[in-house]
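Working notes for the structure below.
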Amino acid sequence: MLQPRKERPQSSMFQKVVFYFTLVMTLIYIGAGLFLIFADTRKFNLDLPENMKFILGGALILYGIVRFVRVYQKSSQRRHDKFNN
């Protein structure tokens, strides 16, 4: 006898907004890090020593990459769970 199909839980609009917001923020972190590393301190009036620019820029880039990896893993896990249920 046929059994009724299990309904997959629909992804809420809030989850989609959070997903895209997080992706945009990762790009902003990486962009800000690149900006700090390559920006001319006199032109943009950045009163940071050169070594501090590289440290802060590198930290922002690393944080953006870590956030992207976490979002990607969470997204792929959700898709995997969605198709296996």
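No hydrogens, no waters, no symmetry mates; every other heavy atom, side chains included, goes into these values.
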Does I28 have any side chain to side chain contact (heavy atoms under 4.5 Å, CB included) partners at least two apart in sequence or in another chain, and if so, which?
V24, M25
Is a side-chain donor or acceptor of K53 paired with a backbone partner of A39 at a separation under 3.5 angstrom?
yes
Students should find that the hydrophobic cluster of F14, defined by side-chain heavy atoms under 4.5 Å apart, otherwise consists of V18
Please set out all donor-acceptor pairs under 3.5 angstrom arising from side-chain atoms of residues 61-68, sequence neighbours excluded.
unit_1 : atom_1 : unit_2 : atom_2 : d
Y63    : OH     : R67    : NH1    : 3.2

Under the salt bridge (Lys or Arg N to Asp or Glu O under 4.0 Å) rule, what pairs show up with a residue in residues 20-34, not counting sequence neighbours?
none
Hydrophobic cluster identity match, L27 and V71, side-chain contacts under 4.5 Å:
no
Here the pair of heavy atoms bringing L60 nearest to G33 is CB-CA, 3.8 Å
Hey, could you give me each pair passing side chain to side chain donor-acceptor pair (under 3.5 Å) that has a residue in residues 20-39? Not counting sequence neighbours.
none
May I have all residue pairs that pass ring-ring contact (aromatic ring centres under 6.0 Å, His included) and include part of residues 37-61, sequence neighbours excluded?
F35-F44
Pairs satisfying salt bridge (Lys or Arg N to Asp or Glu O under 4.0 Å), at least one member in residues 22-40, at least two apart
D40-R42
Can you name the residues that form a salt bridge (Lys or Arg N to Asp or Glu O under 4.0 Å) with D47, not counting sequence neighbours?
none
